[in-house]
Amino acid sequence: EDQVTQSPEALRLQEGESSSLNCSYTVSGLRGLFWYRQDPGKGPEFLFTLYSAGEEKEKERLKATLTKKESFLHITAPKPEDSATYLCAVQFPNAGGTSYGKLTFGQGTILTVHP
Amino acid sequence: DAGVTQSPTHLIKTRGQHVTLRCSPISGHKSVSWYQQVLGQGPQFIFQYYEKEERGRGNFPDRFSARQFPNYSSELNVNALLLGDSALYLCASSFGTGTYTEAFFGQGTRLTVV
């Protein structure tokens with residue numbers, strides 16, 4: 001069965017303390033990997049898409065990388081406003097394989113950055 | 001530009017009742033997907049619609065149904081509500097259903113079943 005696992009479940013950092021979040025997956029037919037940020041009670045906010053091993057994307061203090069079996073979200077010198085739940089999702093083909101709308105999410109990593 | 005809009009934002013229903021949730025996609029987007037997110041978990045895929053046709057369905061009972069209108073807006077219906085249906089219901093909008101299609105989410109509808 002296709003699975004997406006994120007680690008750690010929760011991460012506490014001091015402001016300025018860089019770290020990485022992990023997203024690993026066991027899939028067949030992977031078409032894309034997505035990172036989202038979610039604040040409490042809100043919908044997920046799109047951050048990045050990655051499609052092939054070796055691909056990297058950056059946005060402010062965040063950098064996402066992709067290998068054949070996992071993705072990392074690197075956070076450099078985080079600030080308290082980076083505190084949120086970070087969700088990883090993998091895109092799969094729908095039944096019949098003719099379209100690709102379904103996202104399978106991990107359980108998320110709750111990041112807390114203390115001042 | 002307006003993002004994905006969902007209504008209502010909060011809803012309280014009694015067990016056994018029926019509920020309708022609504023979603024308007026980003027202008028120009030033709031695909032709408034619905035997800036259920038219970039507290040502490042990632043969103044779970046319920047349905048995807050594209051050009052008014054169902055293109056994908058997750059592992060949810062037949063009490064859940066949806067449709068998409070000519071203007072690409074969508075409704076999610078849930079019949080015979082159970083306590084376990086309490087969750088944040090999310091709508092995602094995308095241009096199409098291809099492999100390089102990014103999905104953008106609305107703020108969600110918080111459903112509480114009592």
Side-chain angles (χ1 to χ4, degrees), chain A residues 1-7 9-10 21 23-25 27 29-52 55 57 59 64 66 84-110, chain B residues 3-6 9-10 21 23 25-26 29-51 53-60 66 68 74 87-112:
Chain A
E1 181 180 331
D2 299 324
Q3 285 190 324
V4 180
T5 303
Q6 292 187 245
S7 62
E9 292 186 6
L21 313 182
C23 171
S24 62
Y25 49 90
V27 304
L30 170 68
R31 288 295 180 267
L33 186 139
F34 297 73
W35 282 99
Y36 290 87
R37 168 194 170 127
Q38 186 174 29
D39 293 307
K42 302 288 183 63
E45 174 190 347
F46 173 79
L47 294 174
F48 304 108
T49 53
L50 301 164
Y51 292 104
S52 58
E55 188 175 1
K57 289 192 176 176
K59 179 181 180 180
L66 181 65
T85 296
Y86 289 85
L87 293 164
C88 162
V90 176
Q91 187 182 46
F92 294 93
N94 294 336
T98 57
S99 60
Y100 303 89
K102 175 184 175 181
L103 294 178
T104 296
F105 282 84
Q107 80 281 12
T109 293
I110 302 171
Chain B
V4 180
T5 58
Q6 294 186 242
T9 55
H10 295 85
L21 310 181
C23 172
I26 293 170
H29 283 192
K30 300 180 179 180
S31 176
V32 169
S33 298
W34 288 95
Y35 290 81
Q36 180 195 67
Q37 186 177 27
V38 299
L39 201 61
Q41 296 183 19
Q44 296 289 316
F45 175 74
I46 309 176
F47 288 110
Q48 183 193 27
Y49 276 77
Y50 176 71
E51 292 281 15
E53 291 186 0
E54 183 183 301
R55 290 300 187 94
R57 174 185 286 256
N59 293 325
F60 281 81
Q68 187 178 34
S74 178
L88 181 67
Y89 287 85
L90 296 163
C91 172
S93 160
S94 57
F95 179 75
T97 61
T99 57
Y100 300 99
T101 300
E102 296 160 353
F104 299 90
F105 285 83
Q107 81 284 4
T109 294
R110 171 68 63 186
L111 173 65
T112 302

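A note on names: the letters A, B, ... follow the listed sequences, proteins ahead of strands, and every chain is numbered from 1. Note that the coordinates shown come from a computational prediction; the quantities given were computed from them, not determined experimentally.
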Is B:Phe47 close to chain A through its backbone or its side chain, or both, or neither, when contacts mean heavy atoms under 4.5 Å? neither

Return the minimal non-hydrogen interatomic distance between B:Val32 and B:Pro25, and the atom names on each side. CG2-CB, 3.9 Å

Is A:Glu9 in contact with chain B via its backbone, its side chain, both, or neither, using a 4.5 Å heavy-atom distance? neither

To check you understand the geometry: which heavy-atom pair defines the closest contact between B:Phe105 and A:Pro44, and what is its length? CB-O, 3.5 Å

Test side-chain hydrogen bond (donor to acceptor under 3.5 Å, both in side chains) on B:Gln107 and B:Thr9; report intermediate values, then the result. CA-CA 8 Å; B:Gln107 81 284 4; B:Thr9 55; 5.9 Å; no

Does atom CD1 of A:Ile110 have more than 12 heavy-atom neighbours, drawn from other residues, nucleotides or ligands, at distances under 6.0 Å? no

Are A:Tyr25 and A:Thr104 side-chain neighbours, meaning at least one heavy-atom pair lies under 4.5 Å? no

Which atoms of A:Leu103 approach chain B - backbone, side chain, both or neither, heavy atom under 4.5 Å: both

For the candidates B:Gln37, B:Gln41, B:Gln44, which exhibits the highest count of non-hydrogen atom pairs separated by less than 4.5 Å from chain A? B:Gln37

Residue selection (most heavy-atom pairs with chain A, distance under 4.5 Å) from B:Pro43, B:Gly40, B:Gly42, B:Gly108: B:Pro43

